[in-house]
Amino acid sequence: MPEPESQLIRARLDSLTRIRARGVDPYPHRVDRTHTTAEALACLESLERQGVDAASGGCVSVAGRIMQLRGMGKATFLDIQDGQGRIQALLRRNLLQESYQGIRDLDIGDWLGVTGPLMRTRTGEPTVEVRQWKLLSKSLRPLPEKWHGLADVETRYRRRYLDLISNEDARRIAALRSRVVASLRRMMDARGFIEVETPMLVSVPAGGTARPFSTHYRALNRDLFLRIATELYLKRLVIGGLEKVYEIGRIFRNEGVDLTHNPEFTTMESYEAFADYNDVMRMVEELTHGIAVEVTGSPLVMVEGETVDLTPPWTRRTLRDEIRDRSGIDFLNCPDVESLGAEMKRIGLEVGRQVSWGGLLDKLLSDTVEPHLTQPIFLMDYPVEMSPLAKKRPDDGRLVERFEGFAAGMEICNAFTELNDPVDQRERMERQEALNLQYRDEEMDRLDEDFLVALEHGMPPTGGLGVGIDRLVMLFTGQRSIREVVLFPQLRDA
RNA sequence: GGGCCGGUAGCUCAGUCUGGCAGAGCAUCGGACUUUUAAUCCGAGUGUCCUGGGUUCGAAUCCCAGCCGGCUCACCA
């Protein structure tokens, strides 16, 4: 029950009472809609092109939310918004007779169905000249203001429905996100990948470096974690002979919230037998370009005033060259924590005490390189310390065949030639566990015995990929904050 | 976690510096108006000024603590 003390709500409850007193159901079960607002507009234009009198041929029923009400005495204009757009409706007393009285109890925010011929007013506004109308759902609370809309960021995130009602941009982003996912799925399917679903509740939160959410399963009296990645389960499927698999799904990381991080986010991971990271690179640039063209109509996206061109081929550079050019530091010449830390301090970076070598390099990358990567680029060949699941380069065991794709200063994907040597994999996971003990404040990957057993059965040479869907949507919509592309972002309790 | 900024009517915001009746527009309520469209015109009511303390004759305003949000730094893929 809404607070009855609110004058605005009380007025609407009074309307509700009057509507019921007339024997009208303010929440009827169905409506016969013949046209969306967009279809009605198209219909009017088509009739006009054919020179047909719209009033005779263009009777439509549209339904939507009342966004504006302009009462003129014996005529009332209202703007009806549905999922496709808006259209004006004109209600006139001489056409509606006794039912005209009832519009006194309509408010902005109510859902309404109107039926009548299409016409244009003197000013040329496409309009439904209403012959019949029906209240579809009475709204008891006022909407945000018509001109400025809803601006308060907190309310926009907490009550996204109000954001969607008032802000065209919010609707656009939600729809675009859906089309990005649909497009990606279609392209993966077309490439012969099969879509799979793997567990979200796992006993070992492995496959990435992240602090997990933990929970408890009562029936089996087991502690479980929410997955931090889909990687190791997808590889089990490749071992099982599903040669091209992918999963689009939510993963969970028990970490902070900022412009590019939300604790639950969506990834697309794919694994392709008999491919290596060069094949995956080509796939990433083709997919990204393909989605951009399909969804936005152009390979160019605008991010903070800069044009990002996603047309393949993207620049390919080694991580070593890129870091050396940006910072003057060659990480291969700094093979331990002391030397790398000293070099980083020399160029003015703050370095914590208890930080692993991989942790240092990660900071070096994100501070000196990442912000400059506006145009799409693949950084290749990461140090083995940072990449416990990637295969070493045949020519240099200090590096692995791994790349990350960047655009608009954001990391948008991570991929490698997958490590399929079970002995090497076991050693790497053991190394991660050792680092976990050594650097208590840092997250490392974990040893997953069940996965190692699977790997010992033999995994074919495989190219794997992980794409951040949220960041991809940020890229295509030019948004700076992940909260703008996640409908219900994580917030503190109000 | 640190720094900076913000929280006032349903919404968008003034007012805070320099303490003195709680404000505007939209929305709402009453009235006029049959082609308006940020409709217009006449009239009316808005409220936990984020919360709790304190200073003061008097606090939205000053001080302290806290809550929530934004940005940023740190942390973190």
Side-chain angles (χ1 to χ4, degrees), chain A residues 2-3 5-12 14-15 67-80 86-96 100 104 107-109 119-127 129 139-159 162-163 165-167 207-211 228-229 251 253-263 265 267 349-352 354-355 358-359 362-363 365-367 370 386-387 404 406 410-414 441-445 466 468 470-471 480-483 489 491-494:
Chain A
E3 315 87 64
E5 68 271 16
S6 160
Q7 172 221 341
L8 297 164
I9 292 175
R10 210 180 324 115
R12 286 167 181 243
D14 290 347
S15 292
M67 296 303 290
Q68 288 197 48
L69 258 170
R70 293 177 294 279
M72 308 272 306
K74 297 185 185 68
T76 298
F77 293 89
L78 43 83
D79 296 344
I80 291 176
R86 281 191 192 191
I87 195 166
Q88 176 172 267
L90 167 59
L91 298 98
R92 302 172 67 196
R93 195 172 73 171
N94 60 337
L95 292 176
L96 294 170
Y100 189 79
R104 277 171 41 86
D107 287 291
I108 290 172
M119 58 164 286
R120 282 188 193 271
T121 61
R122 270 179 211 151
T123 52
E125 180 75 18
T127 301
E129 194 180 56
S139 162
L140 299 182
R141 289 178 184 269
L143 285 181
E145 194 224 12
K146 63 184 173 189
W147 190 242
H148 301 92
L150 180 63
D152 182 67
V153 177
E154 189 172 354
T155 309
R156 289 185 44 235
Y157 297 160
R158 286 191 197 280
R159 305 171 69 190
L162 292 179
D163 191 29
I165 292 168
S166 336
N167 296 322
T209 54
R211 189 165 285 123
I228 59 167
I251 66 175
R253 298 190 173 185
N254 202 340
E255 281 152 9
V257 170
D258 67 22
L259 280 183
T260 53
H261 296 87
N262 194 60
F265 60 103
T267 60
L349 292 178
E350 277 186 40
V351 176
Q354 265 291 94
V355 183
D362 194 36
K363 180 176 173 57
L365 171 61
S366 40
D367 281 12
E370 211 171 307
M386 301 173 74
S387 318
E404 293 187 310
F406 296 85
M410 276 185 302
E411 179 206 329
I412 57 173
C413 70
N414 180 22
D441 294 341
E442 238 176 289
E443 287 298 317
M444 301 292 169
D445 207 343
D470 310 87
R471 291 183 185 177
R480 221 170 87 75
S481 170
I482 195 171
R483 295 186 198 90
L491 297 174
R492 237 177 268 266
D493 281 349

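Only a predicted model underlies this, so the values are computations on that prediction, with no experimental measurement involved. These values consider heavy atoms only, across backbone and side chains, with no hydrogens, waters or symmetry-generated copies. So that the names make sense, note that chain A is the first sequence line, chain B the second, and so on, each numbered from 1.
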What string of B, S and - do you get for nucleotides 28-33 of chain B, 5' to 3', if B is base contact, S is sugar-phosphate-only contact and - is no contact with any protein heavy atom under 4.0 Å?
B----B
Quiz question: going by heavy-atom distance under 3.5 Å, is there a donor-acceptor pair between the base of [N] and the side chain of [X]?
X        : N     : result
A:Asp362 : B:A77 : yes
A:Arg122 : B:U35 : no
A:Gln88  : B:U36 : yes
A:Arg93  : B:U34 : no

Measure the distance from [atom1] on [X] to [atom2] on [N] and round it to the nearest whole Å.
X        : N     : atom1 : atom2 : result
A:Met119 : B:U36 : CE    : P     : 11 Å
A:Asp79  : B:U35 : CG    : P     : 17 Å
A:Arg483 : B:G69 : CZ    : P     : 9 Å
A:Ile9   : B:G45 : CD1   : P     : 22 Å
A:Arg10  : B:G10 : CZ    : P     : 12 Å
A:Trp147 : B:G10 : CH2   : C1'   : 20 Å
A:Leu491 : B:C71 : CG    : P     : 11 Å
A:Met386 : B:A77 : CE    : C1'   : 10 Å

Categorize [X] for me: base, sugar-phosphate, or nothing, with a 4.0 angstrom heavy-atom threshold over every strand shown.
X        : answer
A:Glu370 : nothing
A:Arg86  : nothing
A:Arg480 : sugar-phosphate

For the atom pair [atom1] ([X]) and [atom2] ([Y]), what is the distance rounded to the nearest 0.5 Å?
X        : Y        : atom1 : atom2 : result
A:Leu150 : A:Glu145 : CG    : CD    : 11.0 Å
A:Asp107 : A:Leu78  : CG    : CG    : 11.5 Å
A:Asp367 : A:Asp362 : CG    : CG    : 9.5 Å
A:Leu69  : A:Leu91  : CG    : CG    : 9.0 Å
A:Glu125 : A:Asp79  : CD    : CG    : 7.0 Å
A:Ile251 : A:Ile228 : CD1   : CD1   : 7.5 Å

Nucleotide nearest A:Leu365 when distance is taken to its side chain, options B:U34, B:A39, B:A77
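Of the options given, the side chain of A:Leu365 lies nearest B:A77.
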Of all the choices, B:U36, B:G10, B:G69, which nucleotide is nearest to the side chain of A:Arg70 once you look at every atom?
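Closest nucleotide to the A:Arg70 side chain: B:U36.
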Tabulate atom names and distances for all N/O pairs under 3.5 angstrom spanning the protein and nucleotides 12-14 of chain B.
unit_1	atom_1	unit_2	atom_2	d
B:U12	OP1	A:Ala151	N	3.0
B:U12	OP1	A:Asp152	N	2.8

N/O (side chain, [X]) to phosphate O (OP1/OP2, [N]) under 4.0 Å:
X        : N     : value
A:Arg492 : B:C67 : no
A:Arg159 : B:G10 : no
A:Lys146 : B:A27 : yes

Are any non-hydrogen side-chain atoms of [X] and [Y] less than 4.5 angstrom apart?
X        : Y        : answer
A:Arg471 : A:Phe265 : no
A:Thr209 : A:Met386 : no
A:Gln88  : A:Arg70  : yes

Between N or O atoms, less than 3.5 Å apart, protein on one side and nucleotides 73-76 of chain B on the other: list the pairs.
unit_1	atom_1	unit_2	atom_2	d
B:C76	O2'	A:Glu255	OE1	2.5
B:C76	O2'	A:Glu255	OE2	3.2

Qualifying residues under side chain to side chain donor-acceptor pair (under 3.5 Å), relative to A:Ser366, sequence neighbours excluded
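For A:Ser366, no residue satisfies side chain to side chain donor-acceptor pair (under 3.5 Å) once neighbours in sequence are set aside.
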Sticking with atom [atom1], work out how far [N] lies from [M], rounded to a whole angstrom.
N     : M     : atom1 : value
B:U16 : B:C49 : C1'   : 11 Å
B:U35 : B:A24 : C1'   : 31 Å
B:C26 : B:C64 : P     : 39 Å

Can you name the residues that form a side-chain contact (heavy atoms from CB on, under 4.5 Å) with A:Leu259, not counting sequence neighbours?
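Partners of A:Leu259 by the side-chain contact (heavy atoms from CB on, under 4.5 Å) criterion, ordered by chain and then number, come out as A:Arg480, A:Ser481.
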Counterpart residues, side-chain contact (heavy atoms from CB on, under 4.5 Å), relative to A:Leu491 (two or more places apart)
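Partners of A:Leu491 under the side-chain contact (heavy atoms from CB on, under 4.5 Å) test: A:Tyr157, A:Arg158.
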Below 4.0 angstrom, N of the basic side chain to O of the carboxylate: do A:Glu255 and A:Arg211 qualify?
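Looking at A:Arg211 together with A:Glu255, the answer is no, because their closest N to O distance does not fall below 4.0 Å.
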